[in-house]
Asker: 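One structure coming up, written as structure tokens, with questions to follow.
Because only heavy atoms are used, hydrogens play no part in the values below, and waters and symmetry mates are left out as well, while side chains stay in. Atoms within each ligand, like the ligands themselves, are counted from 1 in listed order. In this chain, residues are counted from 1 in sequence order. Quick caveat, the model's predicted, so the values are computed rather than measured.
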Amino acid sequence: MGNTKKAMTGTNDLKLPIYLDYQSTTPTDPRVVDAMLPYFFDKPGNPHSRSHGLGREAHDAVEAARTKIASTIGSDAREIIFTSGATESNNLALKGAAQFYGDTKRQIITVATEHKCIIATCQHLASNGYDIVFLPVQMNGLLDLDRLAGKITHNTLLVSIMTAHNEIGVIQQISDIGDLCREHGVLFHTDSAQAVGKIPIDVNAMSIDLMSISGHKLYGPKGIGALYVRRRPRVRLSEQISGGGQERGLRSGTLPTPLCVGLGTACDIAIEELDQEAQRIGDLRDHLYRGISDRLSDVILNGDPVRRLPGNLNLSFAGLDSEEIMSALPDIAISSGSACTSTSIEPSYVIRALGLGEDIARGSLRFGIGRFTTIAEIDYVIERVSTTVLSLRNTRPTTHTATSQVG
Ligand SMILES: *Cc1c(COP(=O)(O)O)cnc(C)c1O
């Protein structure tokens, strides 16, 4: 299927493929690109070279961006460390805290459904003698707070729990988790790559000590992110990248001025438009879910139906594998969350962790809706998904069995 094919649906002609993978990455907002452009050529200064005007201009642009990011999450600008993205932020938070405080406390508690970069960082720490606890989640994808409370000991250094999930969209009870950690003198880190700019976040109201942000999940550029590091009470980290001592010594290297400006602008736009955008995108998501479940039987919604991101819908179609559905829908960019190897298709470890069975885990599809999605696109997707699932099921009428709705 070519990149620029058009679909005629009534009077609307749509550009194909339709992009519904906003949790994987978002297109950069044109307003963000506009704000970045001058810093590639006309304003080339190194933000750390303050001996001349061009350097100071770049420095000021980076600091203005830092202030915008800070105000998006209710923090002070001095608490924002620029990184290359949420993967690096997560590594810095967990390895940095583990190394700094490792002589006194050595246990980290996290959840089985975290992003791979948290899981892999924790496994790395485990191989270096840290005690890592991976908590299970409930069938709706949410953590049971009593279970968390039951695992905290005098040896617990840090709890790391994602704010909003990249695959199933569920939003954890961040304030309550933050309070619990604060009560026990445990650091609380949250990966907010999917949450910042989508739902209201306040690091003080939510008792967050460390928080990871990614630019390309909120219509900013790829290759930039941030780590919020609390100053009062002060959270200490060991640096993971050594060098010229930039970013309060926590992350050396010349800051990419255009990318920093892009992230700041993306945060500004997201906060400005948050309520209105959440409403519009949530309505599109509900329309998609209703449209598909009106036309098809045995559609399972994965993840809590209420505590979830407005732009996320994760469905399993009983009796079908996600791979066969996706390959029949080259005109729609969706994902399964599965990891494919040359010989086998691994079902999503996240859906598997919900305990709904292999069949459901094999059949999960994530529809990610965002800023540039239109109602005409959603109507097209409803029609294409419904007819495709029906015809795939008709080729094997006996394979699917009735399954109850989750939630
Ligand atoms: C995308 C994502 C990451 C990785 O972010 P990068 O900026 O691409 O490194 C980490 N955690 C979550 C929840 C994400 O959605």
Side-chain angles (χ1 to χ4, degrees), residues 19-28 32 69 72-73 80-96 110-124 134 137 141-143 159-172 174 177 188-199 201 208 210-228 240-241 251 253 255-256 259-260 262-264 266-267 270 303 307-314 333-339 348-351 353 366-370:
Y19 189 71
L20 280 191
D21 205 10
Y22 277 81
Q23 274 94 54
S24 170
T25 190
T26 55
T28 314
V32 169
I69 299 161
T72 302
I73 58 167
I80 302 297
I81 302 295
F82 281 109
T83 65
S84 62
T87 299
E88 186 189 335
S89 297
N90 287 339
N91 272 267
L92 175 57
L94 269 54
K95 291 177 183 167
T110 187
V111 177
T113 50
E114 287 292 310
H115 193 274
K116 281 281 186 206
C117 63
I118 291 283
I119 305 272
T121 298
C122 285
Q123 285 165 344
H124 174 87
F134 289 102
V137 291
L142 294 171
L143 177 66
V159 166
S160 179
I161 292 162
M162 199 189 297
T163 311
H165 203 277
N166 52 297
E167 202 173 318
I168 52 175
V170 298
I171 301 168
Q172 300 289 352
I174 293 301
I177 297 169
F188 176 39
H189 167 257
T190 185
D191 175 352
S192 287
Q194 296 288 344
V196 173
K198 315 289 173 55
I199 58 171
I201 302 277
I208 295 166
L210 294 156
M211 189 176 87
S212 302
I213 301 173
S214 171
H216 73 99
K217 303 295 173 72
L218 78 156
Y219 312 97
K222 294 170 180 63
I224 186 80
L227 180 66
Y228 159 77
Q240 300 300 306
I241 297 179
R251 204 275 190 176
L255 286 174
L259 299 182
C260 297
L263 177 55
C267 284
R307 293 192 58 90
R308 79 188 294 138
L309 287 171
N312 175 278
L313 187 64
N314 190 305
I334 45 176
S335 100
S336 63
S338 312
S348 157
Y349 71 98
V350 173
I351 309 293
R366 176 182 69 185
F367 300 85
I369 298 157

Asker: Numbering the atoms of ligand 1 from 1, which are under 4.0 Å from a heavy atom of H216?
Answerer: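 This gives 6 (P), 7 (O), 8 (O) as the contact atoms.
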Asker: Is there a donor-acceptor pair closer than 3.5 Å between any side-chain N or O of H165 and the backbone N or O of T113?
Answerer: yes
Asker: Tell me, do N91 and Q240 make a side-chain contact under 4.5 Å, heavy atoms counted?
Answerer: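 Not touching, per the 4.5 Å side-chain cut-off.
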Asker: Restricting to non-hydrogen atoms, name the atom on G262 and the atom on V32 that form the minimum distance, rounded to 0.1 Å.
Answerer: O-CG1, 3.5 Å
Asker: Just jot down the ligand 1 atoms closer than 4.0 angstrom to any heavy atom of N166, in number order.
Answerer: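 Selected atoms, number and element: 13 (C), 15 (O).
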Asker: Using a 3.5 Å distance criterion without hydrogens, assess whether the side chain of T26 forms a donor-acceptor pair with backbone atoms of Y219.
Answerer: yes
Asker: Give a yes or no answer on whether the side chain of T121 reaches the backbone of C117 with a donor-acceptor pair at less than 3.5 Å.
Answerer: yes
Asker: Using modelled atom types and a 3.5 Å cut-off, is there a donor and acceptor pairing between side-chain atoms of R307 and backbone atoms of I171?
Answerer: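 Answer holds: yes.
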Asker: How far is atom 11 (N) of ligand 1 from the closest protein heavy atom, and which atom is that?
Answerer: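 So the nearest neighbour among protein heavy atoms is D191 OD2, 2.6 Å.
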Asker: With a cut-off of 4.0 Å, which atoms of ligand 1 are near a heavy atom of S214?
Answerer: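 It comes down to these atoms of ligand 1: 5 (O), 6 (P), 7 (O).
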Asker: Starting from atom 5 (O) of ligand 1, locate the nearest protein heavy atom and write down its residue, its atom name and how far away it is, to 0.1 Å.
Answerer: A86 CB, 3.3 Å
Asker: Should Q194 be counted as touching ligand 1, given the test is an N or O pair under 3.5 Å?
Answerer: yes
Asker: Tell me the nearest of K222, K116, K217 to atom 2 (C) of ligand 1, using heavy-atom distances.
Answerer: K217
Asker: Around atom 9 (O) of ligand 1, find the nearest protein heavy atom and jot down its residue, atom name and distance.
Answerer: T87 OG1, 2.6 Å
